[in-house]
Amino acid sequence: MISVAAELSATLGRAFAAEGLAAHFGQVTLSDRPDLCQFQCNGALAAAKAAKANPRDIAGRIAARLKEDARFSRIEIAGPGFINMDLTDAALAGFLEDRGEAPPNGKTALIDFGGYNIAKPLHVGHLRSSIIGDCLQRLYRANGWRVISDVHVGDWGLQMGQLISEIGLREIAPIYFDAAFDGPYPEVSPVTMEDLEEIYPAASAACKTDPARLELARRATVDLQDGRPGYRALWQHFVDVSQVGLSRETQSLGVSFNYWRGESSVHDLVAPMLEDLKARGFADISEGALVMPVAEDGDKKPMPPLMLVKSEGGLLYGTTDLATIIERVRDFDPDLILYVVDQRQHLHFEQVFRAARKAELTGKAVLEHAGFGTMNGPDGKPFKTRAGGVMKLYDLIAMATVQANSRLAEQGLGGDYAAEEKAEIARQVGLAAIKFADLSNHRITDYIFDLERFSKFEGKTGPYLQYAAVRIQSILRKAEAEGHDVGIPAIHSPEERALALQLLSQADVMIAAEAKRAPNILCDYAFELARKFSRFYGEHHIMSETDLALRGQRLGTCARTLAVLREILALLGIEVPERM
Ligand code: ARG
């Protein structure tokens, strides 16, 4: 798909160049005052400054050059030298015909999202990371990036030592603790996912109240990281059973990753990295720990050093994150590494990024934290179950499906479909409710989880947009059944013009959403598109239209709207049911 604004920028750029001015002044954007004009260019102001000339004068000369271009229906100079432009309906319709994909941009983005932890169930923070990260990976791909997504599983921290020491104390599988045993270890895991979900909270609680237990867990963590065979074997079981459970959950969410690497995958890179940092004078021993100072001149807030090795020898979250940058630069040479992680980890990433830049570990990559706020319960605190526990993803999806089912019944939708199809529609609608609600707020804002509202078929919701798409599908199906041709879109009315302009801004909107790493821009766009379609459809009686050419053109507009709506919903990770 092409960006009309980019096409027009090229045209205006040539006009500026012909006036002896830099082509970049010709940048055209969609009008921010659609009531005044369709497109605007404000470059004459900056060009005038550079050339020490009068901006209205320059704007006038540019406008004069554009007069010959038959695509413009109106070019006006406004205020101090803004160039306001409208295109003819024919030109707009012509642009509508052009439906290519964005060409590869030659750049690689590594997107780190998900961030699940071994042995711990997914919670709502991981849900947000998954939904937002998945949307960004889809968007970046659609915009021509090569995208590598990596879940970066938490499999190497203190929680591993907590599990191991707890299993040791409970004597569940003594063989893994027998230093005299030299393998091979059993192939079947001594613990299931359910066991781990019970063992981990118990171990973590014990460590909070009992320093001796914490010490035991710390020691087990260090031993694991140092390669003690029994611990490694036991740990591998944790990883395997958790991964089965985790991938089942991400699948049910419709989210996938290119890589399931864990923090542990960089273990061998850590020792040489630490040596290198010490040798180059970046890391120092402080109170027995190895730290890397990252404060910079002009810091407004205190910036603590990045901790690399604890005094008792354990590695930290930041250590593996820093080594992972080395690994990613080595393996993928990315232009951008984007971390889609809870905003509360912002300081951590700031420290890691500074350390990486300071030690020049980043290759050509820009490092960026795309943080997000929390999903809260009605009490304004992070969402919990009724019983006060952390809400599991699996239960959340089940809840949304139940809610979707009752909404569908309320709307009288799908009442006579087979049970299987009904269940599938409810699943799709439930997921759409959750995903759209999550993505439609700016990612940094916290929001309140309100399934009741998210699942409504009216207003700015996922189900409303699915329904809008399903309705267009059924219009087109009916047209086909009646033997009507679907033609090429044309513009005859204000509603068609407004809809065409909305359709044509798709590429620009996708670029804007990418630039701000802001899925909510896509949500706004999809909602506005559905509304403009609604007005168009309300105004024109397509099926009963007797002018066959006109009917064909309008069906063409329906088909085009459906294609764009489906594309945007797909970027949001939302499926459109066949029918409802
Ligand atoms: N596992 C971490 C958590 O649950 C998130 C990991 C995010 N990614 C990263 N490279 N640090 O909070």
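Computed from a predicted structure; not experimentally measured. Counting starts at 1 for both ligands and their atoms, in listed order.
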Note: ligand 1 atoms sitting under 4.0 Å from heavy atoms of Tyr339 are 10 (N)
Checklist entry - Should the pair His237 and Tyr176 be assigned to parallel (<30°), tilted (30 to 60°) or perpendicular (>60°) ring geometry? => result perpendicular
In this structure, atom 12 (O) of ligand 1 is nearest to the protein heavy atom Gln345 NE2, 2.9 Å
Heavy atoms of Gln159 and Gly154 approach each other most closely as NE2-O, 3.3 Å
Quiz prompt | Side-chain heavy atoms of Leu322 within contact of Leu306, under 4.5 Å | solution = yes
protein heavy-atom neighbour closest to atom 8 (N) of ligand 1 works out as Asp112 OD1, 3.1 Å
Distance only, no hydrogens: is a donor on one side chain within 3.5 Å (strictly under) of an acceptor on the other, for Arg232 and Tyr185?
no
Would one find an N or O of Tyr317, backbone or side chain, under 3.5 Å from an N or O of ligand 1? yes
Counting heavy atoms under 4.0 Å, the part of Asn117 that contacts ligand 1 is side chain
Short version for Phe349: what comes under 4.0 Å of ligand 1, heavy atoms counted, is side chain
Atoms of ligand 1 under 4.0 Å from any heavy atom of Val341, numbered from 1 in the order shown, are 7 (C), 8 (N)
Practice item. Answer yes or no: does an N/O atom from His348 fall short of 3.5 Å to an N/O atom of ligand 1? Key: no
Would Arg213 and Asp210 pass as an ion pair if we require N to O under 4.0 Å? no
- prompt: Salt bridge or not for Asp524 and Lys460, using N-O below 4.0 Å?
  reply: yes
Here the atoms of ligand 1 under 4.0 Å from any heavy atom belonging to Gly115 are 1 (N), 2 (C), 3 (C), 4 (O), 5 (C), 6 (C)
**Item:** Basic-acidic side-chain contact under 4.0 Å: Arg354, Asp299
**Value:** yes
N or O pair under 3.5 Å between Arg328 and ligand 1 = no
With heavy atoms and a 4.0 Å threshold, my read on which part of Asp321 contacts ligand 1 is side chain
Evaluation steps, salt bridge (Lys or Arg N to Asp or Glu O under 4.0 Å), between Arg407 and Glu452: CA-CA 9 Å; Arg407 283 283 185 213; Glu452 174 80 21; 3.4 Å; yes
